Structure formats: C-alpha cells, structure tokens
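All values derive from a computational prediction rather than experimental measurement. Nothing fancy with the numbering, it's 1 onward along the sequence.
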Amino acid sequence: VISINKMLTMELSPNRVDENGGKRLTLKVSRSGNWTAAEVFNIVSTADGRISMPNSITIPANQSGAIVYINVIDNDVLDNDSIINVSIEGNGYDAVTTKLYVVDNEYPDLKIETSKTVLKEGETFQLMIKTNRVSDNPILVTLTSENAKRFKFPTQVTIPAGEISQTVDVVAIDDNLPSLSLSNVFSVYADKHNKAEVTVLLEDDDMPALELTISPTQVSESAGPVSVAGILRRTTNTDSRITVRMTDDSNGRLYFGNRE
C-alpha cells in the first residue's frame with residue numbers, strides 16, 4: 001500500500017518589492033488530494049504594517065487552487081527593510097511558508113556639522129559627518145566643496161559599521177593672495193541617503209589695510225585739474241602687488257588722473 005500525504009503549495013509573485021512600488025502581489029495556493037469539497041485555509045504573516053492581505057483563502061469545490069492579492073503600504077516612515085514570513089495552514093495539511101521582502105523607500109539623513117563657522121586662512125577645523133541610522137556595513141560618504149582649491153580635505157569619508165558619525169580635519173589654505181571674504185558650502189552624499197550641507201565663512205588674512213590722504217580737503221569749484229592731490233598708502237601686507245579701484249559720490253564733478 002502506498003500512502004501519499006496531501007500537500008499544500010504556495011507561490012508569491014513577486015516576492016521582493018519596493019515599499020512605494022505600487023505593485024499588487026499575487027499569492028497562489030494549491031492543494032493535492034481530494035478536491036470535491038471547498039476548503040478554507042488560514043493566512044498568517046509575521047507582523048508588519050507595510051502589507052495588507054486577507055486572513056484566509058478559500059479553494060472552491062472541484063478546484064485545485066485559488067488566488068488572493070497582497071497590497072504593499074507606503075507608510076512614509078524610515079524603517080529597516082522587512083523580511084515577512086507568509087504561511088498557509090489548515091484542514092490537516094502541513095503548513096507552508098514563503099518569504100516576502102519589502103525594501104524601504106525612505107532614506108536615512110546625512111548631517112554635517114562644523115567646529116567653526118567663521119575662519120581665517122591657514123586655520124584647521126573639523127567637519128563631523130553623521131547619519132540618523134546605524135548601518136551594519138560601512139557607509140562611504142562623498143565630501144565636496146564649492147571652492148575646493150581654497151581647502152584641503154578628504155573627498156571620501158567612511159562612517160564605520162555600527163557607528164553614526166565620522167570626523168575629518170579640513171585646512172583653509174593660505175594662498176598669500178588678497179581676496180574678499182568667501183562663503184563656502186560643504187556637501188555630503190552617500191548611496192541611499194539624503195544629502196546635507198553646511199556653510200562656512202572664510203576670511204582672507206592677506207587683505208591689506210589702506211589709508212587715503214587728500215590735500216587740501218577744501219577747494220574752489222574753479223580750481224581746475226590737479227588742484228587736489230591724494231596719497232594712497234598700504235600699511236599692512238606689503239609683500240605683494242595689489243590693484244585698488246577708487247570711486248566717489250560726486251556724480252561726475254571730480255576727475256581722477258588714474259582710478260586704479
């Protein structure tokens with residue numbers, strides 16, 4: 001005598017989805033053995049708020065199987081990816097289980113903090129790069145600067161596995177050239193993370209102090225050209241050549257021999 005146990009089988013398609021993919025999943029349940037009567041089977045899953053499905057499935061009389069649908073819910077919450085066990089059981093059949101993988105579509109944030117918001121050329125400061133979710137794997141972060149030539153810094157930073165931050169040193173390069181203060185944005189990027197930015201103000205230490213003396217300070221309108229002499233002196237940082245542009249608010253009533 002050969003005894004064949006009755007069996008259940010199940011097929012889940014697809015079995016891996018993005019949380020915001022908008023796909024309806026198909027769960028097909030099939031039975032062996034006697035088909036003459038309708039049978040109701042329980043659908044059991046590990047708790048997860050990102051799927052919606054019925055708690056049972058009915059295979060009609062004289063049919064080998066039936067289909068139900070599973071919907072994935074986008075909850076707009078930063079979650080870990082889910083592995084959900086879906087099981088079918090009942091009517092003396094051995095329970096069968098399959099796995100559903102739901103990939104979260106909300107990404108963790110990056111954050112970048114600076115030890116100084118205002119700095120001078122030649123100074124060293126720190127940038128702390130953070131994430132709001134610990135990863136089991138190292139997180140490779142790309143660090144960029146609007147004015148990369150004015151700073152010395154690593155372009156790749158790794159947040160170690162199991163950590164939420166990494167700190168790097170940044171040097172404001174002293175180029176020995178006079179220039180205006182500079183507002184610079186540092187940005188960080190990483191795969192499947194939201195980017196972040198921070199702004200620092202770089203003050204130039206090569207800008208010379210200027211002193212302008214005009215003589216005489218009072219003159220007649222009819223005095224003619226070269227009636228007033230001006231002396232422009234540089235009192236600091238005299239080791240390089242600079243160009244100074246002069247302006248006035250006389251609405252064209254003054255003439256400069258040379259404005260630069």
Side-chain angles (χ1 to χ4, degrees), residues 1-111 130-142 158-166 189-195:
V1 177
I2 299 176
S3 176
I4 300 177
N5 293 331
K6 58 183 182 180
M7 296 178 58
L8 284 176
T9 59
M10 61 188 303
E11 299 175 31
L12 179 62
S13 179
N15 65 351
R16 184 182 183 90
V17 291
D18 291 334
E19 183 183 284
N20 66 337
K23 289 185 177 180
R24 187 173 67 166
L25 314 181
T26 301
L27 177 62
K28 181 181 179 181
V29 179
S30 301
R31 62 179 174 173
S32 65
N34 191 341
W35 300 354
T36 57
E39 290 182 304
V40 179
F41 298 91
N42 297 322
I43 304 177
V44 181
S45 70
T46 50
D48 194 284
R50 285 187 285 185
I51 63 170
S52 173
M53 64 181 181
N55 56 19
S56 66
I57 181 173
T58 299
I59 299 180
N62 302 312
Q63 297 292 320
S64 65
I67 290 174
V68 295
Y69 297 100
I70 299 175
N71 294 309
V72 178
I73 301 170
D74 188 353
N75 61 8
D76 296 323
V77 176
L78 177 61
D79 297 309
N80 292 318
D81 295 345
S82 291
I83 302 176
I84 304 169
N85 292 318
V86 181
S87 300
I88 306 296
E89 58 186 28
N91 299 295
Y93 288 83
D94 291 337
V96 290
T97 301
T98 190
K99 294 183 183 297
L100 168 61
Y101 299 86
V102 178
V103 180
D104 191 51
N105 67 302
E106 279 77 37
Y107 294 151
D109 294 328
L110 291 176
K111 186 176 182 181
K130 299 181 177 181
T131 178
N132 62 342
R133 183 165 71 182
V134 175
S135 173
D136 294 334
N137 300 304
I139 302 172
L140 182 62
V141 180
T142 299
T158 300
I159 300 177
E163 302 291 335
I164 62 169
S165 67
Q166 182 65 284
Y189 308 84
D191 184 43
K192 294 186 177 180
H193 286 71
N194 298 318
K195 75 171 187 177

Got a donor-acceptor contact below 3.5 angstrom from the E89 side chain to the N42 backbone?
no

Check: Q63 main-chain N/O paired with R31 side-chain donor or acceptor under 3.5 Å
yes

Rounded to the nearest 0.5 Å, how far apart are NZ of K192 and OG of S135?
11.0 Å

Could you tell me if the side chain of V86 sits less than 4.5 Å from the side chain of M10, heavy atoms only?
yes

Interatomic distance, N15 atom CG to L27 atom CG [nearest 0.5 angstrom]
11.5 Å

Atom of S56, atom of V40 and distance for their closest heavy-atom approach
CB-CG1, 4.0 Å

Let me confirm one number: the CG-CG distance from D136 to N80, rounded to the nearest 0.5 Å.
8.5 Å

Decide yes or no for T131 and V141: does some side-chain heavy atom of the first lie under 4.5 Å from some side-chain heavy atom of the second?
no

In this structure, NZ of K195 is separated from OH of Y189 (nearest 0.5 Å) by 4.0 Å

Kindly say whether D79 contributes a backbone atom to a donor-acceptor pair with the side chain of D104 at under 3.5 angstrom?
yes

Minimum heavy-atom separation for I159 to K130, with atom names?
CD1-C, 4.4 Å

Kindly list each side-chain donor-acceptor pair under 3.5 angstrom involving residues 92-103, sequence neighbours excluded, with atom names and distances?
residue	atom	partner	partner atom	Å
Y93	OH	S32	O	3.1
Y93	OH	E39	OE1	3.3
T97	OG1	S87	OG	2.7
K99	NZ	N85	OD1	2.8

Would you indicate whether the side-chain heavy atoms of L140 and T158 approach each other to under 4.5 Å?
yes

Side chains of L8 and V29: does their closest heavy-atom pair fall under 4.5 Å?
yes

Quick one: CG on L78 to CG on N75, what's the gap to the nearest 0.5 Å?
9.5 Å

In short, side-chain hydrogen bond (donor to acceptor under 3.5 Å, both in side chains) pairs touching residues 16-28 with sequence neighbours left out are E19-R50

Between side-chain atoms of residues 64-74 and protein atoms elsewhere (two or more places apart, or another chain), which donor-acceptor pairs fall under 3.5 Å?
residue	atom	partner	partner atom	Å
D74	OD1	D76	N	3.3

How about I139 and E163: do any of their side-chain heavy atoms sit closer than 4.5 Å?
no

